Amino acid sequence: MKKTGKMILAGAVSLTAAAGVLADDLPNYVVTPLGDLPGGDFFSRAFDINDKGMIVGSSKSLTDDIRQEAVRWKPGSTEPEMLSGVGDFDFSRAQTVNNDGLVGGYRDNIGETQRAWLWDANNGLDFFLDDVNDPATDYGDTFEWYDYVNDPDISFSRMGQVTNVGKVVGWLRFSDLDSGTRGYVYDIDSETRMILDPIGPDGNQSLGQTMNDFQLVVGSASELPDRERPFRDAVAWSTGLTMPNLLPGLGAFSGYEDTGAVHVTDDGVIVGGAGNRDLDNTLYAQNENWIWSPSTQLGESM
């Protein structure tokens, strides 16, 4: 799942009302700071936690450099452990972890493009998209650049989520595309990949973010052709299907240039954000979070 830095809460400490009186109806928490790698410069970010309490993210180990390394915090520990194999990268981040301890992330080397990887304690790093068992498949005439035999060269790949049932959700770019991305769902057991389409007929971007236990995928997709950074809409891909469905009822956010879904529950509740591009067409000048319910088919501000 696409995630921002998270505050990890555990245990119990009193939260008091403004007057200093204990509020009986409020939950009690302990806030536990997560430490840095040795030699780090007061920098660590946590992106996911599994049901067993393992946390993954990134931390700096060089005080005079912007370099970050992918790390995990074992259950109950506040000392990060750098994942084996990431020490030679200019930048690495652990983005997601499932209940089996399988970690997903990406690396970014200077002069090279970003590449998604999987990691586990027994086998180390695996750039899993490098050798996909992809039989000859005709994805139709609409998106003719999907007609590939075996595995095409991939110039860019990122990770959204690794699920508890062995699926990886993310997005990539094929080398023969000048711009745009394609969401994907990768099956670890069969080593096969399904491409998630943009909005037809002219869309040029799709990003898969997360999948629920019923294999409903959410993310964002564009319907604008061949723009360097097409604006995207929040979408869902039904189980096993490649064509996206626009989320209805997001009219309240029509004034924003971009909407995207970032998480879906097993009940089909979806959360996401809406934003406008900054002057450099990259950063968000405005952002508003929303929650969408399948029962009402409406999105509401959070």
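Bear in mind that the values here come from a model prediction, so they are computed numbers and not experimental data.
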Could you measure the distance from the [atom1] atom of [X] to the [atom2] atom of [Y]? Nearest 0.5 Å is fine.
X	Y	atom1	atom2	value
Thr265	His263	OG1	NE2	6.5 Å
Met194	Gln215	CE	CD	8.5 Å
Leu172	Arg182	CG	CZ	9.0 Å
Asp202	Glu223	CG	CD	9.0 Å
Ser58	Arg72	OG	CZ	16.0 Å
Ser59	Arg93	OG	CZ	12.5 Å

Using only atom types and a distance under 3.5 Å, with no angle test, would you say the side chain of [X] pairs donor to acceptor with the backbone of [Y]?
X	Y	value
Asp266	Asn212	no
Asp187	Thr192	no
Ser220	Arg232	no
Thr78	Pro33	no
Asn98	Gly101	yes

Test item: side-chain donor near acceptor, [X] and [Y], under 3.5 Å:
X	Y	answer
Asn99	Asp51	yes
Glu288	Ser301	yes
Asn204	Ser222	no
Arg158	Gln114	yes

**Set of residues satisfying side chain to side chain contact (heavy atoms under 4.5 Å, CB included) with respect to Ser254, sequence neighbours excluded** = none
**Message:** Once side chain to side chain contact (heavy atoms under 4.5 Å, CB included) is applied, do any residues pair with Asn289, and if so which ones, sequence neighbours excluded?
**Reply:** Asn287, Met302
**Request:** Is it possible for you to say whether Phe174 and Met159 belong to one hydrophobic cluster, with membership spreading through side-chain heavy-atom contacts below 4.5 Å?
**Result:** yes
**Prompt:** Do Met82 and Val97 sit in the same hydrophobic cluster, where Ile, Leu, Val, Met, Phe, Trp and Tyr count as joined when their side-chain heavy atoms come under 4.5 Å apart?
**Reply:** yes
**Prompt:** Which one of Asn123, Ile188, Val103 satisfies the side-chain contact (heavy atoms from CB on, under 4.5 Å) criterion with Leu118?
**Reply:** Ile188
**Message:** Which label fits Phe253 and Trp290: parallel for a plane angle under 30°, tilted from 30 to 60°, or perpendicular past 60°?
**Reply:** tilted
**Residues that Tyr184 engages under ring pair (Phe, Tyr, Trp, His ring centres under 6.0 Å), provided they are two or more places apart** = none
**Phe128: partners by ring pair (Phe, Tyr, Trp, His ring centres under 6.0 Å), with sequence neighbours left out** = Tyr186
**Request:** Identify, with sequence neighbours excluded, every residue that meets salt bridge (charged side-chain N to carboxylate O under 4.0 Å, His left out) alongside Glu112.
**Result:** Arg107
**Pair Val264-Phe214, side-chain contact (heavy atoms from CB on, under 4.5 Å): steps then yes or no** = CA-CA 10 Å; Val264 56; Phe214 300 99; over 6 Å; no
**Message:** Taking the basic N atoms (NZ, or NE/NH1/NH2) and the acidic carboxylate oxygens, is any pair closer than 4.0 Å for Lys60 and Asp36?
**Reply:** no
**Under-4.0 Å salt bridge between Arg115 and Asp108** = no
**With Trp119 via side chain to side chain donor-acceptor pair (under 3.5 Å) - residues at least two apart** = Ser84
